[in-house]
Amino acid sequence: MGGDEGSRIPGFHTLSPADRLDAVGRRSGLGNAGKAHLLEAGAPLTELADHLAENVIGTMNVPLGVATNLIVDGEEVLVPMATEESSVVAAVCNAAKQCRETGGIFASWTGPRMIAQIQLLGVADPHHARVKLLERRDEIAALCDSCDPMLVKLGGGFRDLEVRLLETRVGPMVVLHLIVDTRDAMGANAVNTMAEKLAPHLEGWVGGSVKLRILSNLADQRLVRARAVWRTETIGGPDVRDGMIAASAFAEADPYRAATHNKGIMNGISAVVLATGNDTRAIEAGAHAYASRSGRYTALSRWEETTDGDLAGTLELPMAVGVVGGATKVHPTAQANLKIMGIDGAERLAKVIAAVGLTQNFAAVKALATTGIQAGHMRLHARNLAITVGAEGEEIDRVAAALIERGEIRQDVAESVLSEIR
Ligand code: NAD
C-alpha cells in the first residue's frame, strides 16, 4: 500500500495539523463535512494539542458538565466533569443534595508521596545488596533531591527508601522504591528523572544490572479518603438503606460485581481527572490495583448502617493528581475548571475528586438497589436515538417522549416518529 491509501504516511509527523487532516481525509474518505467539523471543533486548541501529543489533526470535544450541591470539608464547591456518558453529572448532583443536611462529604489524604521503582537483575547476593542499599539512604536522598531543587524548595523531594526482593520466573530481582513527595505535581516525570539518575550508581554499589526505572501507578502512599452520612428518612427509608448495604456487600464479596461497582465510582472520578488535565489512565490503574491489594479484587467503597440507623459511605483509593505539570497548567480548559472549583493545590483537588467518587457511587448503588438504572438511561438513550435519526431543536424531545410513551426505544421507531412529526 502507498500513495493516498493505507496507514503508511511518510513524513506525517512533520506536517501541520491541517495538512495531516488533509492526508487522513484523502485516505479515509472523511469528506469535506467531516474535515470541516474537525477543523471547526478543534480550532482553538489544535496548536496546543499539537504540542501535547503527536500526529495531531484536531481535538476531541467531550461534554463538560458542572456538578452542583457538593460540600467538601464544610466548603461549597462546583465541580466540572468531562464525560460523554449520560446520567453521570446528574447522579452526583442528586446524591450530593441528599447529604447536605449532614454536612456533605469529609475527606482526608496521606500527602503526595509517589513511588518510583528501579529493577536490578543478576545481583549475586540480593539480601546483602538490600542491606547495603538501605545503608546508603542519605546518599540516595541527596542524589534524588539534586534532580529537582525546585521541588525541594517547595517542601517536597525524597522521603524514603524501600528495597524489595522478588522471586520471578527469570530469577530473583532487587527492586528499589524511591518514595518522593511531589507536592502539587502528579510527579511522574519528577520521580522518573530521579530513578534514572540513581540507576548507574546502584550497579556500582551492589553489582547486577539496572533495567526498568519508572514510577508505580499503585500510588498506595498517596491515598485519599472520603466519608459521608445520608439520613435514612431522606433517602427513602430503611429498605433503601438495607438494599444499598446489601449491594455493597455483594461488591465486596464478588469481583464480577466489584468491577462494575468500581466502574461507577470511576465514572465520577475520571470525569474530574480529565476536566483538570490530569492522567485518567494513571488514576484508573491505581484504583483497580488498589482494589486488588488483598489478592482478590474487591469494592473500593463500603456502605454501612450508623448507630443512628443512617447510611454511612466511605471510599479510599490512590489519587495521584496535580495542579502543575502534565497538561494541567497549559490546557486553558483545565485551568478554567480549577478556577471554577476554586482549587490551587493538589490536596484539595484529590479530596474533591474523592467526594465526587463517593457521591457517584451512592447514586448508582441507590438506583440499582431500588428502581434500577434503566428507566433513566433509556430516557437519555431515547434522546440520543432522536438525534441519531436527524431530529433537531424541539423535535428531539418530541421524538424521545413518543418513544418512551410507546415503550419502544428503537431506531426504526424513532425514524417513523420523526417522519410522522414532520
Ligand atoms: P512535570 O514533569 O511537569 O513536573 C512537575 C514539576 O512541578 C515538579 O518537578 C516540581 O518541581 C514542580 N512542582 C511541584 N509542586 C509545585 C508547585 N506547588 N508549584 C510549582 N511547581 C511545582 O509533571 P509531573 O507531574 O512530574 O508529570 C506528570 C505527567 O507525566 C503527566 O502528563 C503524566 O501523564 C505523565 N506520565 C505518566 C506516567 C505514568 O503514570 N505511568 C509515566 C510517565 C509520564
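Side-chain atoms are counted along with the backbone in the values below, which use heavy atoms only and exclude waters and symmetry mates. Computed from a predicted model, the values in this text were never measured in an experiment. As the structure lists them, so they are numbered: ligands from 1, and atoms in each ligand from 1.
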Colleague: May I ask you to decide if the ring planes of Trp230 and Phe362 are parallel, tilted or perpendicular, using 30° and 60° as cut-offs?
Modeller: parallel

Colleague: With a heavy-atom distance limit of 4.0 Å, tell me whether Asp148 approaches ligand 1 through its side chain, its backbone, both, or neither.
Modeller: side chain

Colleague: Hey, which atoms in ligand 1 end up nearer than 4.0 Å to a heavy atom of Leu151?
Modeller: 10 (C), 11 (O), 14 (C)

Colleague: Side chain, backbone, both or neither: which part of Asn189 comes within less than 4.0 Å of ligand 1 when only heavy atoms are counted?
Modeller: both

Colleague: Are Asn278 and Thr276 close enough that a side-chain donor and a side-chain acceptor fall under 3.5 Å?
Modeller: yes

Colleague: Can you tell me the protein heavy atom closest to atom 31 (C) of ligand 1 and the distance?
Modeller: Gly326 CA, 4.0 Å

Colleague: What atoms of ligand 1 come within less than 4.0 Å of a heavy atom belonging to Ala282?
Modeller: 40 (O)

Colleague: So, Asp22 and Lys35, do they make that salt bridge, N to O below 4.0 Å?
Modeller: yes

Colleague: Could you tell me whether the side chains of Thr388 and Gln411 share a donor-acceptor contact shorter than 3.5 Å?
Modeller: no

Colleague: One thing to verify: whether Asp50 and Arg20 come together as a salt bridge, which I'm taking to mean a side-chain N less than 4.0 angstrom from a carboxylate O.
Modeller: yes

Colleague: Taking N or O atoms only and a 3.5 Å limit, does Asp184 qualify as a polar contact for ligand 1?
Modeller: yes

Colleague: Which of the numbered atoms in ligand 1 are under 4.0 angstrom from any heavy atom belonging to Val324?
Modeller: 7 (O), 13 (N), 14 (C), 15 (N), 16 (C), 22 (C)

Colleague: Just by distance, no angles: are the side chains of Arg383 and Ser86 close enough, under 3.5 Å, to form a donor-acceptor pair?
Modeller: no

Colleague: Looking only at non-hydrogen atoms, find the nearest pair between Leu349 and Ile343 and report the distance.
Modeller: CA-CD1, 3.7 Å

Colleague: Please state which part of Val323 comes within less than 4.0 Å of ligand 1, counting heavy atoms only: side chain, backbone, both or neither.
Modeller: neither

Colleague: Show which atoms of ligand 1 fall inside a sub-4.0 Å distance from at least one heavy-atom site of Ala190.
Modeller: 9 (O), 26 (O)

Colleague: Please classify the Asp279 to ligand 1 contact at 4.0 Å (heavy-atom distances, strictly less than): side chain, backbone, both or neither.
Modeller: side chain

Colleague: Does the distance from a Lys or Arg side-chain N to an Asp or Glu carboxylate O, for Lys351 and Glu75, drop under 4.0 Å?
Modeller: no

Colleague: Can you name the atoms of ligand 1, numbered from 1 with element, that are less than 4.0 Å from a heavy atom of Asn217?
Modeller: 39 (C), 40 (O), 41 (N)

Colleague: For ligand 1, find out whether one of its N or O atoms is nearer than 3.5 Å to an N or O atom of Gly187.
Modeller: yes

Colleague: Between Val191 and ligand 1, which residue portion shows a heavy-atom distance shorter than 4.0 Å: side chain, backbone, both, or neither?
Modeller: neither

